2 protein chains.
Amino acid sequence: MARYEHIAGELRDAIIRGDHPIGTQLPTEAELASRFNAARGTVRQAVAVLVAEGLVGTRQGARRIVLGSERSQSFAELHSFAQWARSVGHQAGGLVLDSHRRPSTPSEAVRLAITPGEEVLVVVRLRRLDGEPVLVERTVYANWIAPAVEKLDPACESVTQELYEAVGLVFAYGEHLIDAVAAGAEDARLLGVRRGSPLLRQRRTTTSQEGRPVECSDDRYRAGSVTFSIRNSTTANSLVRRAGD
Amino acid sequence: MARYEHIAGELRDAIIRGDHPIGTQLPTEAELASRFNAARGTVRQAVAVLVAEGLVGTRQGARRIVLGSERSQSFAELHSFAQWARSVGHQAGGLVLDSHRRPSTPSEAVRLAITPGEEVLVVVRLRRLDGEPVLVERTVYANWIAPAVEKLDPACESVTQELYEAVGLVFAYGEHLIDAVAAGAEDARLLGVRRGSPLLRQRRTTTSQEGRPVECSDDRYRAGSVTFSIRNSTTANSLVRRAGD
DNA sequence: TAAAGCAACTTGTACAAACAAGCGAGACCA
DNA sequence: TGGTCTCGCTTGTTTGTACAAGTTGCTTTA
């Protein structure tokens with residue numbers, strides 16, 4: 001592990017442990033540098049990690065301040081329903097309801113960076129959390145990954161993990177659009193809610209390490225089952241609000 | 001403006017302009033350094049900005065890749081409905097429907113880091129976008145800022161801006177929980193939708209520069225009016241998914 | 001022909017030094 | 001008393017250097 005990651009970990013633990021309560025000041029860079037016997041730049045890099053996690057606030061001239069003390073979960077959760085579920089102590093399940101190929105629509109072609117009409121693989125999955133159906137996933141896979149997807153077990157728990165083990169594919173980057181929609185007839189039936197009841201919708205496009213789009217998906221969560229949590233600050237944010245589209 | 005910010009801006013413009021199309025490689029650090037006549041460290045800092053914005057993907061050993069070409073909007077939007085609206089070319093409006101003091105509930109006390117029962121100011125606002133009601137804000141302000149809030153114009157367009165101008169308060173940090181809920185009777189009446197129709201809910205807690213909680217709020221958007229957009233990557237993320245709470 | 005391995009290239013980590021810029025508290029002055 | 005000013009402290013920016021580690025394509029080898 002890198003030196004700065006180690007220092008970041010120590011500081012994070014200290015904050016979570018309560019050594020640095022919320023609202024109090026963190027030690028200065030100089031002090032941390034001497035304590036960890038590292039250069040100031042290395043300490044800055046470590047603290048930057050905590051700032052990015054939203055645990056620490058920083059502004060020029062003033063000592064840094066502890067903002068939170070909850071461990072923020074790592075990325076994979078956002079793409080892997082199963083891994084997220086496990087990390088919060090729940091059991092994920094999945095079931096493929098439909099899987100077929102068809103020509104891509106123009107909008108899908110744009111999102112997947114392919115030529116319109118090129119064949120894609122459409123998969124509809126119902127996801128459960130501790131047995132309860134909570135999520136309908138309608139995913140469109142680009143043609144080049146379709147064969148590997150079709151080979152997956154229909155009841156496969158973690159698509160992300162299986163694809164990584166099978167072909168070394170990593171879902172490295174994602175763009176997400178989040179809004180609320182009313183449940184359609186199929187949504188309602190699958191999730192066991194009334195038609196028109198609120199669902200949390202997440203439309204995402206996922207990209208491989210090399211920047212190649214892999215899939216785009218329309219995921220709908222039953223209201224009350226899942227909450228997205230985001231931290232932001234005036235310096236460095238990754239969240240944007242957009243007009244409906 | 002700092003040197004690295006300038007370089008980041010130049011690169012961002014070049015990407016948006018299409019000089020570096022999506023999926024292509026960015027110039028190497030060495031080349032950028034010589035082009036901008038800056039040290040490698042400075043270039044790295046510049047690129048880090050774009051990586052944080054989700055425009056560029058990076059991994060050790062390989063050239064950096066352009067992932068997106070849309071300008072990501074700056075932070076203020078997330079707290080300031082008005083400034084966000086203006087930036088996307090719409091006109092924001094606001095109207096205070098109710099404003100009164102009452103003792104804080106235990107949960108509010110925790111979120112605002114005050115003693116339970118301490119008085120808070122509750123404000124209900126209806127927000128419009130180009131005349132259309134799109135958002136009901138139910139905000140709870142900590143006592144220490146309440147006087148300044150009460151002095152605001154009830155039809156005030158940007159609370160954020162007014163409070164900054166009045167008392168120099170900056171909404172520096174925020175934590176946000178996003179989910180979907182059904183419209184209650186009051187929500188439905190105010191937003192002009194049917195009871196039970198889907199709303200996008202954003203519960204937030206906002207903190208001042210000094211790390212002092214200022215307000216917590218329950219904001220509900222009419223479905224279709226607003227979409228949250230998030231970019232993430234395996235390295236460095238700020239988004240977390242949580243079980244319903 | 002296909003796998004293994006090497007070599008050049010590129011990004012990541014770490015250290016050191018110097019100056020810039022913002023903050024906060026105490027000193028000073030009206 | 002109340003405001004202003006200055007000075008020390010702390011974080012932000014920039015440069016330079018050296019080495020570590022991952023990627024990629026080419027070469028070598030079986």
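Chain A is the first sequence line, chain B the second, and so forth, proteins listed ahead of strands; every chain is numbered from 1. None of these values were measured; they are calculated from a predicted model.
For B:Gln60, no side-chain nitrogen or oxygen approaches OP1 or OP2 of C:dT10 to under 4.0 Å. Listed pair B:Thr58 / C:dT11 fails the phosphate criterion, with no side-chain N or O lying under 4.0 Å from OP1 or OP2. Distances shown here put every side-chain N or O of B:Arg44 at or beyond 4.0 Å from the OP1 or OP2 atom of C:dT11.
For the pair B:Arg40 and B:Asn37, both in contact range of DNA chain D, the more 5′-proximal nearest nucleotide belongs to B:Asn37. In terms of position along DNA chain C, the nucleotide closest to B:Arg64 lies nearer the 5' end than the nucleotide closest to the other residue of the pair A:Ala39 and B:Arg64. Each of A:Arg59 and A:Gln45 lies near DNA chain C, and the nucleotide nearest A:Gln45 is the one positioned closer to the 5' end.
Surrounding CG of A:Asp153 are more than 12 heavy atoms belonging to other residues, nucleotides or ligands, all under 6.0 Å away.
Rounded to whole angstrom, the span from the OH atom of A:Tyr4 across to the C1' atom of D:dA21 amounts to 13 Å. Going from atom CD of A:Glu5 over to atom C1' of D:dA20 covers 14 Å, rounded to whole Å. In this structure, B:Glu31 atom CD and C:dC9 atom P are separated by 14 Å, rounded to whole Å. Here the P atom of nucleotide C:dA14 and the CE atom of A:Met1 are 11 Å apart, to the nearest Å. Between the P atom of D:dC19 and the CZ atom of A:Arg3 lies a distance of 18 Å, rounded to the nearest Å. In this structure, the CD1 atom of A:Ile65 is 13 Å from the C1' atom of C:dG24, given to the nearest Å. Put simply, NE2 on B:His6 is 16 Å from P on D:dT13, counting in whole angstrom units. Taking atom CZ of residue A:Arg63 and atom C1' of nucleotide D:dG12, one finds them 16 Å apart after rounding to whole Å.
Looking at every heavy atom in both residues, B:Asp219 comes nearest to B:Arg138 through OD1-N, 4.2 Å.
Defined by atom type and a distance below 3.5 Å, a donor-acceptor pair is present between the side-chain atoms of A:Thr206 and A:Glu215. With no hydrogens or angles considered, no side-chain donor-acceptor pair links B:Glu118 and B:Ser104 at under 3.5 Å.
Counting heavy atoms from C-beta on, the side chains of B:Glu157 and B:Arg86 come closer than 4.5 Å.
Counting only heavy atoms from C-beta on, B:Ala2 has its side chain closest to D:dT14 among D:dT14, C:dC15, D:dT11.
Within 4.0 Å of B:Ala30, counting heavy atoms only, lies no atom of the nucleic acid at all.
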